[in-house]
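Take a look at the structure below.
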Amino acid sequence: NNIVPVNTAVLNEYRGTSNIKPFETVDIKGRSFFLKFTHELGLKRIMTDTQLPVYELGKVFRNMGKGQRYYREYTVLEVQIPYKVLSDGIQIVKDIATSIADKEKYKEFDNIPTYTMEEMFFLEGMDFWSLDESAQKSIYKTKIKKLPGPFFLTNPPYNWSPLTLMAPDGKTALDAELIYRGRGIAHICEERYKYEDIKNGLLSNEHKDGVDKDFLKHMSAGTPPSVGFAFGLDRFIATLRNIEILKDVIPYA
């Protein structure tokens with residue numbers, strides 16, 4: 001099926017649902033608005049209304065003053081496809097990565113392996129489930145995610161992904177990440193579609209005070225099972241070319 005290009009609002013009335021500090025502005029009436037840090041929620045609303053696969057390619061803005069590997073704005077492709085599953089999303093992301101890499105004369109993406117979080121920890125000599133959550137996250141960020149790749153890493157613990165569907169094992173999420181040279185390039189997940197699950201996932205998040213209540217009201221009408229992904233295009237190009245400072249790529253992405 002064709003995927004429909006759309007544009008969602010740049011300014012949002014909510015702060016966000018993850019550990020992100022968005023840029024803020026105020027209108028003449030004193031109401032706060034925030035530059036969007038993702039296209040995701042807007043795309044989900046459109047997909048729910050139309051039952052069509054939709055995508056947006058554009059800038060998102062995060063207050064990420066962490067160093068040269070991060071930048072406050074970057075180009076991201078986000079897609080929502082109804083009635084598809086995680087493996088479909090992984091295949092589309094693989095096709096996009098391979099197509100870009102081939103143009104850059106890189107052949108590493110022709111056969112990208114896939115590991116579950118548990119398998120990857122085991123390959124590194126660790127039992128994932130014997131570690132507490134703090135240790136799991138620390139090792140994931142400082143060691144697993146620093147591996148050269150490329151590889152897809154799937155099935156993190158369910159509570160790591162507030163809007164992701166639970167896997168049949170009852171403890172992991174139907175979630176995947178494309179990792180390459182120490183950077184997360186793309187994030188794919190099979191989405192929660194039952195309203196109570198969506199609501200509970202957002203309200204249990206550490207930033208529950210920033211939940212977009214209008215989005216929740218919209219989702220209460222019912223949303224289809226779907227897969228969604230976000231692909232950092234300028235991050236991927238910078239990583240392919242061994243460019244450390246992301247902003248050197250952004251004007252050309």
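This is a predicted model, so every value here is computed, not measured.
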query = What do the steps show when you test S226 against K84 for side chain to side chain donor-acceptor pair (under 3.5 Å), and what is the final call?
reply = CA-CA 5 Å; S226 63; K84 295 293 184 181; over 6 Å; no
Atom [atom1] of [X] and atom [atom2] of [Y]: how far apart are they, to the nearest 0.5 Å?
{"X": "L43", "Y": "Q80", "atom1": "CG", "atom2": "CD", "value": "6.0 Å"}
{"X": "F229", "Y": "L86", "atom1": "CZ", "atom2": "CG", "value": "12.0 Å"}
{"X": "K59", "Y": "L35", "atom1": "NZ", "atom2": "CG", "value": "13.0 Å"}
{"X": "T25", "Y": "L11", "atom1": "OG1", "atom2": "CG", "value": "7.0 Å"}

Is a side-chain N or O of [X] found less than 3.5 angstrom from the main chain of [Y], in a donor-acceptor match?
{"X": "Y180", "Y": "I185", "value": "no"}
{"X": "R192", "Y": "T164", "value": "yes"}
{"X": "D234", "Y": "T75", "value": "yes"}
{"X": "E78", "Y": "H39", "value": "yes"}
{"X": "D88", "Y": "V85", "value": "yes"}
{"X": "S138", "Y": "S134", "value": "no"}
{"X": "Q136", "Y": "F128", "value": "yes"}

task = Could you walk me through whether K107 and D102 pass side chain to side chain contact (heavy atoms under 4.5 Å, CB included), step by step?
result = CA-CA 6 Å; K107 298 299 181 183; D102 283 350; 3.7 Å; yes
request  = Could you tell me whether Q51 atom CD has more than 12 heavy atoms of other residues or ligands within 6.0 Å of it?
outcome  = yes
query = Above 12 or not: heavy atoms from other molecules or residues under 6.0 Å from CG of N111?
reply = no
Answer with yes or no whether the hydrophobic clustering places [X] together with [Y]; edges join I, L, V, M, F, W, Y residues whose side-chain heavy atoms lie under 4.5 Å apart.
{"X": "L52", "Y": "I81", "answer": "no"}
{"X": "I179", "Y": "L123", "answer": "yes"}
{"X": "I188", "Y": "L77", "answer": "yes"}
{"X": "L153", "Y": "M166", "answer": "no"}

task = Quick one: name the residues clustered hydrophobically with F34, using the 4.5 Å side-chain heavy-atom rule over I, L, V, M, F, W, Y, and just say none if it's on its own.
result = none
ask   = Taking the hydrophobic residues Ile, Leu, Val, Met, Phe, Trp and Tyr, and joining any pair whose side-chain heavy atoms are under 4.5 Å apart, which ones share a cluster with Y83?
value = none
request  = Under the side chain to side chain contact (heavy atoms under 4.5 Å, CB included) rule, what do K143 and M126 come out as? Steps first, then yes or no, please.
outcome  = CA-CA 11 Å; K143 188 169 185 177; M126 292 170 280; 4.2 Å; yes
remark   = All heavy atoms of S161 vs all of D175, minimum pair found to be OG-OD2, 3.1 Å
query = Would H187 and E40 count as a side chain to side chain contact (heavy atoms under 4.5 Å, CB included) if you check the C-alpha gap in whole Å, the side-chain angles of each, and the deciding distance to 0.1 Å?
reply = CA-CA 12 Å; H187 180 229; E40 178 185 14; over 6 Å; no
task = Can you tell me which residue pairs pass the ring-ring contact (aromatic ring centres under 6.0 Å, His included) test with a partner in residues 145-167, sequence neighbours excluded?
result = Y140-W160
task = Just jot down the ring pair (Phe, Tyr, Trp, His ring centres under 6.0 Å) partners of F231, sequence neighbours excluded, or say none.
result = F236
ask   = Looking at residues at least two apart in the chain, or sitting in another chain, which of them share a ring pair (Phe, Tyr, Trp, His ring centres under 6.0 Å) with F61?
value = none
message = Closer than 4.0 angstrom, basic N to acidic O: yes or no for K36 and E56?
response = yes
task = Determine, step by step, whether N155 and T172 satisfy the side chain to side chain donor-acceptor pair (under 3.5 Å) criterion, reporting the C-alpha distance in whole Å, the side-chain angles of both residues, the deciding distance to 0.1 Å, and the verdict.
result = CA-CA 5 Å; N155 294 85; T172 65; 3.0 Å; yes
inquiry  = What I'd like to find out is whether the side chain of R31 reaches to under 4.5 Å of the side chain of K29, using heavy atoms alone.
reply    = yes
Can you give the donor-acceptor pairs under 3.5 Å from side chains of residues 89-99 to other protein atoms, not counting sequence neighbours?
{"residue": "Q91", "atom": "NE2", "partner": "D95", "partner atom": "OD1", "Å": "2.9"}
{"residue": "K94", "atom": "NZ", "partner": "D110", "partner atom": "O", "Å": "3.3"}
{"residue": "T98", "atom": "OG1", "partner": "K94", "partner atom": "O", "Å": "2.8"}
{"residue": "T98", "atom": "OG1", "partner": "F109", "partner atom": "O", "Å": "3.0"}

Derivation of the side chain to side chain contact (heavy atoms under 4.5 Å, CB included) call for T114 and T154 = CA-CA 7 Å; T114 299; T154 70; 3.6 Å; yes
